[in-house]
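Remarks on the structure that follows.
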Amino acid sequence: MENGKQPIHPMPHTNSDGTIQHDVYFGLTKREYFAGLAMQGLLANPKLIDTIIKEGGAYSGWVEDSAWSWADAMLKARGNLIENN
């Protein structure tokens, strides 16, 4: 499974009979988790919020797109780190 699609905190699926299915997991992917953290950081900047609000939506989607870009960059850097060790 591609690194970014792996769950950050894997929770295996439990079948109705109580058995655990180890090939099915639920939870946020690593990419979703990193994007959420990036979005938190971006939105923690009050100047950024002021700019977005004052521009009347001119930057609509910028925060989301940036968060996904940061997540992808983090996964790429992590992959390079693992490959070089």
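For this chain, numbers begin at 1 and follow the sequence in order. The shown structure was predicted, so the numbers you read here are calculated from the model rather than taken from an experiment.
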**OP:** Only counting residues at least two apart or in another chain, list the ones meeting side-chain hydrogen bond (donor to acceptor under 3.5 Å, both in side chains) with Gln40.
**Re:** none

Original post:
Rest of the hydrophobic cluster containing Leu37 (Ile/Leu/Val/Met/Phe/Trp/Tyr, side-chain heavy atoms under 4.5 Å)?
Top reply: Ile8, Leu28, Tyr33, Phe34, Met74, Leu75

**OP:** Carefully, step by step, assess Trp70 and Met39 under the rule side-chain contact (heavy atoms from CB on, under 4.5 Å).
**Re:** CA-CA 9 Å; Trp70 281 107; Met39 188 176 286; over 6 Å; no

**OP:** Taking all non-hydrogen atoms of both residues into account, name the closest pair between Leu42 and Val63 and its distance.
**Re:** CD1-O, 3.9 Å

Original post:
Can you list the residues that meet the side-chain contact (heavy atoms from CB on, under 4.5 Å) rule with Asn45, with sequence neighbours excluded?
Top reply: Lys47, Leu48

Original post:
If you look at every heavy atom in Ala67 and Ala35, which pair is closest and at what distance?
Top reply: CB-O, 3.4 Å

**OP:** Mind checking side-chain contact (heavy atoms from CB on, under 4.5 Å) for Thr19 and listing every partner two or more places apart, or none if nothing turns up?
**Re:** Asn15, Asp17

